[in-house]
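Here the structure comes first, spelled out in structure tokens, and everything after it is commentary.
Heavy-atom basis, side chains included; hydrogens, waters and symmetry copies ignored. First the proteins, then the strands, lettered A, B, ... as listed; each starts at 1.
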Amino acid sequence: MPFTVCTWNINSVRLREGLVARLLEEEAPDILCLQECKSPVEKIPSFGALGYSHMIARGQKGYNGVAILSKTPIREVSALDHADLGHARHVSAQTEDGVVIHNYYVPAGGDVPDREVNEKFGQKLDYLTAMRDAFRAERPERSILVGDLNIAPREDDVWSHKQLLKVVSHTPVEVAQLGETQEAGAWVDVTRRNIPEGKLYSWWSYRAKDWDAADKGRRLDHIWASPDIAGAAHGSRVLRAARGWEKPSDHAPVFATFDL
DNA sequence: ATGTCGGGGTTCCCCCGA
């Protein structure tokens, strides 16, 4: 059975309840993973009326927050507070088919890419180290990792490699750290396996006058799979149009389909 | 330094975080 997963940094699930509903109605993924819900779990709107009656989430007031919505039953596997930040940045759940879905919101890391002067950058690196160590301790199998990883690793994942080398999200130290995390789990970057060539973005700043025309994007949102199921993935895409919806999130949804 | 958003609190503006 084909199985479609979607990841979307929604930047407030309560403010954008209507956009989530639109996505579910128009695209009907089997699983939708949200980040930056910015809501306590009990205040996340229900999407049960649209057929998504199962949700596993972690939330906190005002910041962060991750949720996994599903058409079919899912059971919680874990909710990890990597680097002991006290944040709601991860939750994982297992489908009835035995597939584990990890939903991550990696810290953005502030403005200055130097942990000596910017504590948030240090927290981002520490968070990635903790992720890496968790996958070294237990190699993922039959698993999918999605989320806003807040790093655009490849040169063609940003509008200008040269101009972003010192910008948090594309610095060599972050890219190396993300690479270690990916390697620790033998994770396959499904999006780039399916779309190996060309510029590809999932985020465009609110600050650009005309985000579409300027197209100064970055690929911060990712779908990875463990090597045992990565070959089953196809149909990866970014729903760029959602960035142009009314009162949009600054991130676009990313999709992949698995024949499992 | 700046741009534009969202949330929360010391609210009807200001701060933080992104």
Practice item. Using the six-membered ring of A/Trp245, assess whether NZ or CZ of A/Arg22 lies under 6.0 Å from its centre and within 45 degrees of the ring axis. Key: yes
Check your understanding: Thinking salt bridges, do A/Arg240 and A/Asp215 make one under a 4.0 Å N-O criterion?
Key -> yes
Exercise for review: Could you work out the separation of B/dG3 and B/dG8 based on their C1' atoms and round it to a whole Å?
Suggested key: 23 Å
**Study point:** Separation of the P atoms in B/dC5 and B/dA1, to the nearest angstrom
**Key:** 22 Å
Review point. What nucleotide, of B/dG6, B/dA18, B/dG8, holds the atom closest to the side chain of A/Ser12?
Key: B/dG6
**Study point:** Nearest-nucleotide comparison on DNA chain B, the residue closer to the 5′ end among A/Glu36 and A/Gln60
**Key:** A/Gln60
Check your understanding: Hey, is A/Arg16 close enough to A/Glu246 for a salt bridge, meaning N to O under 4.0 Å?
Key -> no
Review point. Please give, in whole Å, the distance from B/dC16 P to A/His87 NE2?
Key: 16 Å
Pull out every protein N or O sitting under 3.5 Å from an N or O of nucleotides 9-15 of chain B, one pair per line with the distance.
| residue | atom | partner | partner atom | Å |
| --- | --- | --- | --- | --- |
| B/dG9 | OP1 | A/Lys61 | NZ | 3.0 |

**Study point:** Separation of atom CG in A/Leu15 from atom P in B/dA18, rounded to whole Å
**Key:** 18 Å
Review point. When you compare B/dG6 with B/dT11, how far apart are their P atoms, in angstrom units rounded to a whole number?
Key: 23 Å
Practice item. Classify the nucleic acid contact of A/Lys247 as base, sugar-phosphate or nothing, counting any heavy atom under 4.0 Å across all strands shown. Key: sugar-phosphate
**Study point:** Between B/dC14 and B/dT10 - P atom distance, rounded Å
**Key:** 16 Å
Review point. For the rings on A/Tyr206 and A/Trp211, is their centre-to-centre separation under 6.0 Å?
Key: no
**Study point:** Reference residue A/Asp148; test side-chain hydrogen bond (donor to acceptor under 3.5 Å, both in side chains); the match among A/Thr7, A/Asn103, A/Asn11, A/Asn9
**Key:** A/Asn9
Practice item. Choose from B/dG8, B/dT4, B/dG17 the nucleotide whose nearest atom is closest to any side-chain atom of A/Tyr206. Key: B/dT4
Check your understanding: Between A/Asn64 (CG) and B/dG6 (P), how many Å, whole number?
Key -> 17 Å
Exercise for review: Round to the nearest Å and state the distance from A/Lys120 atom NZ to B/dA18 atom C1'.
Suggested key: 9 Å
Practice item. Return yes when atom CD of A/Glu138 has more than 12 non-hydrogen atoms of other residues, nucleotides or ligands closer than 6.0 Å, and no otherwise. Key: no
Review point. Counting only side-chain N and O atoms of A/Arg16, is one of them less than 4.0 Å from OP1 or OP2 of B/dG6?
Key: yes
Review point. Hey, are A/Lys199 and A/Asp157 close enough for a salt bridge, meaning a charged N less than 4.0 Å from a carboxylate O?
Key: no
Exercise for review: Return the value, rounded to whole Å, for the distance between atom CG of A/Asn118 and atom C1' of B/dA18.
Suggested key: 13 Å
Practice item. Not counting sequence neighbours, list each pair that qualifies as a side chain to side chain donor-acceptor pair (under 3.5 Å) and has a residue in residues 228-239 of chain A. Key: A/Glu27-A/Arg237, A/Asn194-A/Ser236, A/Ser226-A/Asp228, A/His234-A/Asp259
Review point. By a strict heavy-atom criterion of less than 4.0 Å, which residues belonging to residues 103-110 of chain A are in contact with DNA chain B?
Key: A/Tyr105, A/Ala108
Review point. How close or far is atom C1' of B/dG3 from atom CG of A/Asp210, stated in whole angstroms?
Key: 14 Å
Point to revise | A/Ser205 or A/Asn9, whichever maps to the more 5' nucleotide of DNA chain B | key: A/Ser205
**Study point:** Geometric class of the A/Phe135/A/His102 ring pair [parallel <30°, tilted 30-60°, perpendicular >60°]
**Key:** perpendicular
Exercise for review: Can you tell me the distance, in whole Å, between the CD1 atom of A/Ile10 and the C1' atom of B/dC5?
Suggested key: 14 Å
**Study point:** A/Arg14 side-chain proximity, nearest of B/dG8, B/dT4, B/dG17
**Key:** B/dG8
**Study point:** Nearest-Å distance for atom pair NE2/P, residues A/His251 and B/dT4
**Key:** 18 Å
Practice item. Name the orientation class of the two ring planes belonging to A/His251 and A/Trp203 (parallel below 30°, tilted from 30 to 60°, perpendicular beyond 60°). Key: tilted
